[in-house]
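Everything below concerns the one structure shown next.
Reckoned from all heavy atoms, side chains included, excluding hydrogens, waters and symmetry mates.
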Amino acid sequence: MKKFCEINEIKAFFKNRVPYQLLDRAWQTGDNTWEAVKCVTINEDFFIGHFPGHPIMPGVLQLEAMKQLAELAVRESIITPEADRVRIVKIAKVRFRRPALPGDRLKISVEVTSIEGNTAEISAKVESAGGMVSDSKFTLQACAYEKTDAVPELFNDYDLNDNVDMNNDKIMEVMPHRFPFLLIDYIPENRGENVLAIKNISANEAFFDNMSEDMVVPVSLLCEIGAQAGCASILARPENANKLGYFMSIDGAESFAPVRPGDQLVIRFNLPAGKSRFGKGSGEMLVNGKVVFKVTLMFALVDK
């Protein structure tokens, strides 16, 4: 019998809450396929910070919605008592094709293309009445909770000081992102094609309260952190004054270790100069000198 999940079943399954409850209803359409609806409304908290006066649903929350539906589709096949959490471990591609706006109803579709052991390959898309909004291919993996006993390195050359190139105020001068969707704290170095940015991970983050009891930064938001670091760097260049950066695609990403409260996330990005209105960058994120995440992404520069 094909399954149908209404909102109370979805909430019990994920334990996610506002504003990261990203499925309103979900249903199985075939042996390996599911669909869901997400009704987008101006009352959602993420519109406060993305963006003031110009509300757009963050692309990475579309990715998170695809991940949630994919987890519904594969959880019974890959979960075990020893590995009872499901995370994105690799992204092959995500393309953001058109904005999702307040008032849109989004149809989310996923296909499980293969399952091997505790790993599942997923193809997914998001559509609105206007057409394709985004599509993706990614890998889910069931894993166990990993308790950390690492003592953070205090204090180091990355900590906030009076000589950083861009503090939070300067970042907000060039980017429209605001709470709860401003996800970098400062940029110690913004030199040519290379940028170094910092995000302190606190237990007070709104997404920890609302995403799950497992306090690990979702891969979708790690992608957003990387995009904001790159975007702030490029928008700070004089030739890009009065422009905005729109997230266009994730061209590859891989997670190597969880990111948790107490971590200082060091983001290193390379952003080659170009004459096109499109910017592409690749980078890595480190905690205590260890690479925890890598991502390649692209965004477009448009006039305000």
### Query
Going through the distances and angles, do L222 and V292 end up as a side chain to side chain contact (heavy atoms under 4.5 Å, CB included)?
CA-CA 10 Å; L222 291 176; V292 296; 5.9 Å; no
So, using salt bridge (charged side-chain N to carboxylate O under 4.0 Å, His left out) as the criterion, who are the partners of [X] when residues are at least two apart?
| X | answer |
| --- | --- |
| E224 | none |
| D31 | none |
| D135 | R95, R97 |
| E82 | none |

### Check: E111/T33 side-chain N/O donor and acceptor closer than 3.5 Å
no
Can you confirm whether [X] sits close enough to [Y] that some side-chain heavy atom of one is under 4.5 Å from a side-chain heavy atom of the other?
| X | Y | answer |
| --- | --- | --- |
| I88 | L140 | yes |
| F47 | T41 | no |
| V295 | I250 | yes |
| M175 | L182 | yes |
| K170 | N167 | yes |
| Q21 | I7 | yes |
| F208 | P261 | yes |
| L22 | I108 | no |

### Task
Any pair with a residue in residues 238-260 that passes ring-ring contact (aromatic ring centres under 6.0 Å, His included), sequence neighbours left out, goes on the list, sorted by first then second residue, please.
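The answer is F96-F247.
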### Query
Any ring-ring contact (aromatic ring centres under 6.0 Å, His included) pairs touching residues 62-83, not counting sequence neighbours?
none
[X] with [Y], same ILVMFWY side-chain cluster at under 4.5 Å:
| X | Y | answer |
| --- | --- | --- |
| M298 | V302 | no |
| I79 | I122 | yes |
| L271 | L286 | no |
| L221 | F299 | yes |
| I198 | V259 | no |

### Task
Could you give me the CA-CA distance, side-chain angles and deciding distance for I184 and I225, then say whether side chain to side chain contact (heavy atoms under 4.5 Å, CB included) is met?
CA-CA 6 Å; I184 52 174; I225 289 169; 4.2 Å; yes
Applying side-chain contact (heavy atoms from CB on, under 4.5 Å), name anything that partners [X], two or more places apart in sequence or on another chain.
| X | value |
| --- | --- |
| A73 | W34, V110, V112 |
| T296 | D251, K280, S282 |
| P99 | I56, L101 |
| S77 | I115 |

Is it the case that over 12 heavy atoms from other parts of the model lie below 6.0 angstrom from the [atom1] atom of [X]?
| X | atom1 | answer |
| --- | --- | --- |
| E239 | CD | yes |
| R178 | CZ | yes |
| K294 | NZ | no |

### Task
Would you mind checking if K3 and E9 are paired as a salt bridge, meaning a charged N to carboxylate O distance below 4.0 Å?
no
For the atom pair [atom1] ([X]) and [atom2] ([Y]), what is the distance rounded to the nearest 0.5 Å?
| X | Y | atom1 | atom2 | result |
| --- | --- | --- | --- | --- |
| S134 | L106 | OG | CG | 8.0 Å |
| E284 | K290 | CD | NZ | 13.5 Å |
| M285 | C223 | CE | SG | 7.0 Å |
| D45 | F179 | CG | CZ | 7.5 Å |
| L244 | C231 | CG | SG | 8.0 Å |
| L23 | M66 | CG | CE | 11.5 Å |

### Task
Quick one: do F293 and V217 satisfy side chain to side chain contact (heavy atoms under 4.5 Å, CB included)? Show the steps, please.
CA-CA 11 Å; F293 190 68; V217 181; over 6 Å; no
Please check: side-chain N/O of [X] versus main-chain N/O of [Y], any donor-acceptor pairing under 3.5 Å?
| X | Y | result |
| --- | --- | --- |
| R25 | F4 | no |
| Q141 | V89 | no |
| K67 | V86 | yes |
| N240 | I234 | yes |
| N190 | D165 | no |
| R98 | E127 | no |

### Message
For H50 and H177, take the angle between the two ring planes, folded into 0 to 90°, and tell me which bin it lands in: parallel under 30, tilted 30 to 60, perpendicular over 60.
### Response
perpendicular
Can you list, pair by pair, the side-chain donor-acceptor contacts under 3.5 Å of residues 262-270, counting residues two or more places apart and other chains?
unit_1 : atom_1 : unit_2 : atom_2 : d
D263   : OD2    : R260   : N      : 2.8
Q264   : OE1    : N156   : ND2    : 3.1
Q264   : NE2    : D159   : OD1    : 3.3
R268   : NH2    : Y158   : OH     : 2.6
N270   : ND2    : N194   : OD1    : 3.0

What closest approach, in Å, do [X] and [Y] show between heavy atoms, and which atom pair accounts for it?
| X | Y | answer |
| --- | --- | --- |
| R87 | A144 | NH1-O, 4.3 Å |
| F138 | A124 | CE2-CB, 4.2 Å |
| I78 | G117 | CG2-O, 3.8 Å |
| L69 | A26 | CD1-CB, 3.9 Å |
| L297 | G226 | CD2-C, 4.0 Å |
| V174 | L235 | O-CD1, 3.3 Å |

### Query
Taking only residues two or more places apart in sequence or in another chain, which ones pass side chain to side chain donor-acceptor pair (under 3.5 Å) with E121?
T139
### Query
Under the side chain to side chain contact (heavy atoms under 4.5 Å, CB included) criterion, do L63 and I91 qualify, and how do the steps go?
CA-CA 10 Å; L63 173 60; I91 295 172; 3.9 Å; yes
